Structures are given as structure tokens and as C-alpha cells.
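One structure below.
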Amino acid sequence: MPPLTTPKSGDALFASVERVNAELFTLTYGAIVRQLLTDLEEVEEVNKQLDQMGYNIGTRLVDEFLAKSNVSNCADFKETADTIAKLGFKMFLGVTATVTNWDAEGTTCSFVLEDNPLVDFVELPDTCQGLQYCNVLSGVIRGALEMVSMKTEVTWVRDMLRGDDAYEMRVKLTKQVPEEYPYKDDD
């Protein structure tokens, strides 16, 4: 029997991942958002594009996370949310999130971020008040969870760029997709 491996801590994961300079990352993301605003002109279209970009990133990040974190299958959505908040956010952004506001069924919760490295140096102009600047993060969560058979809806509830006291994403599990195997073993 192979030896059991314990999941790494958030700090250990953060230390093990190759990183780029935080300011370069923040400024590059800002330049992408600015270019989308120029190209698409409609703030709602930019929000959709940021979400789709995040979704595409999330579908790939989940593989790296699972490979480096030694996390086994989570028992339920609550355990999955806790793993994302404590390990996933730490591994890729260097911050941790708090999981709060669970509904009675255990299918909806909030990720609350006190710190968000994407928004350093950012001020939204009056013309962009409908912009969900961090929408790429909601797409990442949605994409990563879909790769582990959980369909979700992710929306921003609070945003410090709009004067709120924290960043809060509401995550709702809409469907738990049963795992399918590519072939049957009839032997």
C-alpha cells in the first residue's frame, strides 16, 4: 500500500509555485481590462469576457492545484469550498479567503477576501461603475469547479472598488455532475 500523503498547507503551496512580480501581474491584468474596455466598449460585454477568460484559466489551474497540493477527493461542496479558500487562493494569489454565509442546504456560500492583489493601483472611473473588475476570479472558480464535476453560478456581492468593506463572491452549486468513465470494464 502506498504511503498516505497529507495535503500541503497554503503557505507551503504558495512557496512551491513559480511566481511573477506582483506589481507586474497587477499591471498586466489592468492593461488587459483596459484593452477590453477599449475594444468592446460595453461594460457588460467586458464583464462577460473577463468571466470567460477566468473560466478558461480555471479549467487548467485545477490540474496544477491537484497535482501540487496532494488534496484527495473532497467529500462535499463545503469541504471543496474550504479547500479553495484556504489552499487555492493562497497557492495562486498569495491570499486566503473566508467561507461564510452558508445556506441551509449547504449549496451556496460566500468567499470573502480582505485583500485582493488584482486591484492594487486601481480606481474605477465614473464611466465604468458597472464593471466587475475582478470577474476573472469568478470565472476561475466556476471553471475549476466544473472540472471536478460541480456546476456553479458565481456572482460578486461586495467590491471594495465600489466602497464596500471587502470583496465577496457568492458561489451557488447548481448541479453535482456524476463522474463518467471513458470506458466500461466488462471483463
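All heavy atoms count here, side chains included; hydrogens, waters and symmetry mates do not. Every value quoted in this text rests on a predicted model; they were computed, and no experiment measured them.
Taking a 6.0 Å sphere around CD of Q129, one finds it holds more than 12 heavy atoms contributed by other residues, nucleotides or ligands.
A search for side chain to side chain donor-acceptor pair (under 3.5 Å) contacts involving Y29 returns nothing, not counting sequence neighbours. Considering only residues two or more places apart in sequence or on other chains, D39 meets the side chain to side chain contact (heavy atoms under 4.5 Å, CB included) condition with Q35.
Here the closest heavy-atom approach between residue M150 and residue L173 is recorded as CB-CD1, 3.6 Å. Across all their heavy atoms, L24 and T28 have their closest contact at O-OG1, 2.7 Å. Taking both residues in full, the closest heavy atoms of S110 and E168 are given as OG-OE2, 2.6 Å, listed atom of the first, atom of the second, then distance. The heavy-atom pair separating C109 from F77 by the smallest distance is SG-CE2, 4.2 Å. Across L37 and C128, no two heavy atoms sit closer than the pair CD1-SG, 3.9 Å.
Residues V148 and I84 are members of one and the same hydrophobic cluster, defined by side-chain heavy-atom contacts under 4.5 angstrom among Ile, Leu, Val, Met, Phe, Trp and Tyr. Hydrophobic clustering (ILVMFWY, side-chain heavy atoms < 4.5 Å, transitive): V112 and Y167 are in distinct clusters.
Atom-to-atom distance recorded for L124:CG and L131:CG is 5.5 Å, nearest 0.5 angstrom. Considering CD of Q49 and CD of E44, their distance stands at 12.5 Å, rounded to 0.5 Å. With values rounded to the nearest 0.5 angstrom, T107 atom OG1 is found 11.5 Å from D76 atom CG. With values rounded to the nearest 0.5 angstrom, M169 atom CE is found 10.0 Å from T155 atom OG1. The line from CG of L36 to CG of L50 is 5.5 Å long, rounded to the nearest 0.5 Å. A distance of 13.0 Å separates OG of S138 from OH of Y55, quoted to the nearest 0.5 Å.
A heavy-atom distance below 4.5 Å is not found between the side chains of V154 and F111. In this structure, V171 and L145 have side chains that are in contact, with non-hydrogen atoms separated by less than 4.5 Å. Taking 4.5 Å as the limit, every side-chain heavy atom of K48 sits out of range of all side-chain heavy atoms of L40. Side-chain contact between V119 and M160 is absent, with no heavy-atom pair separated by less than 4.5 Å. At a threshold of 4.5 Å between non-hydrogen side-chain atoms, the residues Q132 and R162 count as touching. At least one side-chain heavy atom of N116 sits less than 4.5 Å from a side-chain heavy atom of L137. Within the 4.5 Å cutoff, the side chain of V140 has no heavy atoms near those of the F89 side chain.
As a member of the Ile/Leu/Val/Met/Phe/Trp/Tyr network built from side-chain separations under 4.5 Å, F121 groups with L27.
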Residue pair W156, Y133: steps toward the ring-ring contact (aromatic ring centres under 6.0 Å, His included) verdict:
CA-CA 10 Å; W156 285 96; Y133 187 82; over 10 Å; no

Run F65 and L87 through side-chain contact (heavy atoms from CB on, under 4.5 Å) and show every step you take.
CA-CA 9 Å; F65 174 77; L87 299 178; 3.7 Å; yes

Show me the side-chain donor-acceptor pairs of residues 56-63 shorter than 3.5 Å, one per line, residues at least two apart or across chains.
residue, atom, partner, partner atom, Å
N56, OD1, Q52, NE2, 3.1
N56, ND2, Q52, O, 3.4
T59, OG1, N56, O, 2.8
R60, NH1, N56, O, 2.9

Side-chain donor-acceptor pairs under 3.5 Å in residues 92-100, sequence neighbours left out?
none

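No side-chain donor-acceptor contact under 3.5 Å links E153 and T174.
Among residues at least two apart or in separate chains, salt bridge (Lys or Arg N to Asp or Glu O under 4.0 Å) pairs with a member in residues 135-152 are D51-R142, E146-K151.
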